[in-house]
Amino acid sequence: MEYICEPLLGKSLYELKDVAARLGLPKFAAGQMAKWIYGRHVMSVDDMTDISKANREKLKTSYCIGCMPPVDSQCSVDGTVKYLFPTASGKYVETVFIPEDDRATLCVSSQVGCKMNCLFCQTGKQGFEGNLTVTEILNQIYSLPERDKLTNIVFMGQGEPMDNLDNVLKATEVLTADYGYAWSPKRITVSSVGVKNKLKRFVEESQCHVAVSLHSPYHEERAMLMPAEKAFAIADVVELMRGYDFSHQRRLSFEYIVFGGLNDSPAHLREIVKLLRGLDCRINLIRFHQIPGVNLHGADETRMEAMRDYLTAHGIFTTIRASRGQDIYAACGLLSTARKEGGADR
């Protein structure tokens, strides 16, 4: 499924100006292309009707929109929809649309598979198969049937966003730029296990919300759950975050999957309070969803509510994230395209 032309989807206004100059199109053609792509979501260069036919023919000699519709979808009993999108290299990624009252969130992927190999995550069991291009990241939005309903985007799908930072930054630029989708960066949250050097760059080059995977305040225990802890200790990541201002609209959150009998003790809660004391942040408690071959278990609702109440009472605003799409393996930690790479289940 490799492109036989260069995709226009994902290009900045500056890059579209370069396309126009290279083909001998008028300068204003760049703005026209941006309007047709990001404003009207055209499927073909031929649809750009205020560009002359002769200039559209020039464009088509080397360029295409680059959008690819999903090849499969599954709908949960709770209304969550999981889509399977193809990539130009013949791989696939999963994207999850989550409608809820007056909100509609899209959970997008940044990689095929993931290098981080977190114990509790199905994507990590798939292994790493490649970074998504800017086109492939944005295509999950561009080609989404419910695109016009979206209110929020979270980079919490397959992959570690900081491990594909250049393309993630460029995708968020297009999403927030006036020539692009013109979204507020406060509608976008980008997650990370805490790849410290890349996370520093992201915080400084973007205004999007930041979510850091915590899951345990203890070094050895977190390293067991998340091998990245060995290189990027959570204590160091928290110290890095203290250097930035999250007291206004921009939000810093810590994601905490609760494993019954492992990371839900009173001692864990005290250590979390100690670790995050004085930092303007919130915690999202997440229910664990069982994956094959992993001897971890979720905590009951009473325990999760007690954790929420303790942390909130000690100055850290804490919520329990609603679990969505578990019946179609769309919930947190369940995304994987490993079964589909060989052509099965498509």
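Worth saying up front: this structure is predicted, and the values here are computed from it rather than measured.
Of the possible polar contacts, one joining the His268 side chain to the Leu262 backbone as a donor-acceptor pair under 3.5 Å is found. In this structure a side-chain-to-backbone donor-acceptor pair under 3.5 Å is present from Thr318 to Ile316. Of the possible donor and acceptor atoms, one in the side chain of Gln32 sits under 3.5 Å from a partner among the backbone N and O of Asp50. Side-chain atoms of Asp245 come within 3.5 Å of backbone atoms of Ser247 as a donor-acceptor pair (strictly under, hydrogens ignored). For the pair Thr135 (side chain) and Leu9 (backbone), a donor-acceptor distance under 3.5 Å is present. Of the possible donor and acceptor atoms, none in the side chain of Arg321 sits under 3.5 Å from a partner among the backbone N and O of Ile286. Put simply, the side chain of Thr61 gets close to the backbone of Lys58: a donor and an acceptor are under 3.5 Å apart.
The shortest distance between side-chain heavy atoms of Val93 and Glu136 does not fall below 4.5 Å. Between Ile188 and Phe155, some side-chain heavy-atom pair lies under the 4.5 Å cut-off. Residues Met48 and Asn55 form no side-chain contact, since every pair of their non-hydrogen atoms from C-beta on lies 4.5 Å or further apart. Residues Val174 and Tyr179 are in side-chain contact: their nearest non-hydrogen atoms beyond the backbone lie under 4.5 Å apart. Counting heavy atoms from C-beta outward, Val294 and Lys125 have side chains that approach closer than 4.5 Å. In this structure, Tyr83 and Val71 have side chains that are not in contact, with every pair of non-hydrogen atoms separated by 4.5 Å or more. Looking at heavy atoms from C-beta onward, Ser62 lies out of side-chain contact with Glu6 at the 4.5 angstrom threshold. The shortest side-chain heavy-atom distance between His41 and Tyr142 falls under the 4.5 Å cut-off.
Applying the salt bridge (Lys or Arg N to Asp or Glu O under 4.0 Å) test to pairs two or more places apart or on separate chains, those with a residue in residues 141-165 are Lys115-Asp163. Residue pairs meeting the salt bridge (Lys or Arg N to Asp or Glu O under 4.0 Å) criterion with at least one partner in residues 297-306, sequence neighbours excluded, are Arg287-Glu301.
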Evaluate side-chain contact (heavy atoms from CB on, under 4.5 Å) for Asn152 paired with Glu100, printing each intermediate quantity in order. CA-CA 11 Å; Asn152 299 83; Glu100 184 177 9; over 6 Å; no

Do Leu311 and Phe317 pass the side-chain contact (heavy atoms from CB on, under 4.5 Å) test, and can you show the C-alpha distance, the side-chain angles, and the key distance before you say yes or no? CA-CA 7 Å; Leu311 292 169; Phe317 179 67; over 6 Å; no

side-chain contact (heavy atoms from CB on, under 4.5 Å) for Ser109 and Gln140? Distances and angles first, verdict last. CA-CA 8 Å; Ser109 295; Gln140 297 168 73; 3.8 Å; yes

What do the steps show when you test Met307 against Leu269 for side-chain contact (heavy atoms from CB on, under 4.5 Å), and what is the final call? CA-CA 7 Å; Met307 293 176 69; Leu269 296 175; 3.8 Å; yes

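Nearest approach of Ser206 to Leu169, heavy atoms of both residues: CB-CD2, 4.0 Å. Across Pro227 and Cys118, no two heavy atoms sit closer than the pair CD-CA, 4.2 Å. Between Gly10 and Leu138 the shortest heavy-atom distance is CA-CD1, 3.6 Å. Leu132 approaches Asn167 most closely through the heavy-atom pair O-ND2, 3.1 Å. Residues Met33 and Leu16 approach most closely at CE-O, 3.7 Å, considering heavy atoms. A pairwise comparison of heavy atoms in Leu279 and Arg242 identifies N-NH1, 3.7 Å as the closest pair.
In this structure, Cys121 and Cys114 have their SG atoms no less than 2.5 Å from one another.
A salt bridge between Arg40 and Asp47 is absent, with no side-chain N of the basic residue lying under 4.0 Å from a carboxylate O of the acidic one. Of the charged side-chain nitrogens involved, none lies within less than 4.0 Å of a carboxylate oxygen, so that Lys170 and Glu173 do not count as a salt-bridged pair. Using a 4.0 Å cut-off between charged nitrogen and carboxylate oxygen, Arg250 and Asp280 do not count as a salt-bridge pair. Ion pair Asp18/Lys11 not flagged as a salt bridge, since none of the NZ, NE, NH1 or NH2 atoms sits closer than 4.0 Å to an Asp/Glu carboxylate oxygen.
Both Val19 and Ile65 belong to a single network of hydrophobic side chains, linked directly or stepwise wherever heavy atoms of I, L, V, M, F, W or Y lie under 4.5 Å apart. Clustering ILVMFWY residues whenever any of their side-chain heavy atoms sit less than 4.5 angstrom apart, transitively, puts Met226 in the very cluster that holds Met224. A chain of hydrophobic side-chain contacts below 4.5 Å, direct or via other Ile, Leu, Val, Met, Phe, Trp or Tyr residues, connects Leu23 to Ile51. Taken together through direct or relayed side-chain contacts under 4.5 Å among Ile, Leu, Val, Met, Phe, Trp and Tyr, Met156 and Phe128 form parts of separate hydrophobic clusters.
With a 6.0 Å radius and a threshold of 12 heavy atoms from other residues, nucleotides or ligands, Arg22 has its CZ atom above the threshold. Crowding of Lys17 atom NZ: a count of heavy atoms from other residues, nucleotides or ligands under 6.0 Å not exceeding 12. No more than 12 heavy atoms of other residues, nucleotides or ligands sit less than 6.0 Å from atom CD of Gln249.
Atom OH of Tyr256 and atom CE of Met304 lie 10.5 Å apart (nearest 0.5 Å). For the atom pair Asp236 CG and Glu229 CD, the distance stands at 8.5 Å (nearest 0.5 Å). For the atom pair Met68 CE and Asn139 CG, the distance stands at 5.5 Å (nearest 0.5 Å). Distance check: Ile283 CD1 to Ile272 CD1 gives 5.0 Å after rounding to the nearest 0.5 Å. If you take CG on Leu285 and CD1 on Ile320, they are separated by 6.0 Å, rounding to the nearest 0.5 Å. Remark: Asp72 CG to Phe85 CZ distance equals 11.0 Å, nearest 0.5 Å.
Classified by interplanar angle (parallel below 30°, tilted 30° to 60°, perpendicular above 60°), the ring pair Phe246/Tyr244 is perpendicular.
Within the 6.0 Å centre-distance limit, the rings of Phe120 and Phe259 are counted as a close aromatic pair.
The residue from Asn164, Asn131, Thr123 that alone fulfils the side-chain hydrogen bond (donor to acceptor under 3.5 Å, both in side chains) condition with Gln111 is Asn131.
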Hey, can you pull the donor-acceptor pairs under 3.5 Å for the side chains in residues 210-217, sequence neighbours left out?
unit_1: His215; atom_1: ND1; unit_2: Glu255; atom_2: O; d: 3.3
unit_1: His215; atom_1: ND1; unit_2: Ile257; atom_2: N; d: 2.9
unit_1: Ser216; atom_1: OG; unit_2: Tyr218; atom_2: N; d: 3.2
unit_1: Ser216; atom_1: OG; unit_2: Glu221; atom_2: OE1; d: 2.6

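Between the side chains of Tyr181 and Arg187, not a single donor N or O lies within less than 3.5 Å of an accepting N or O.
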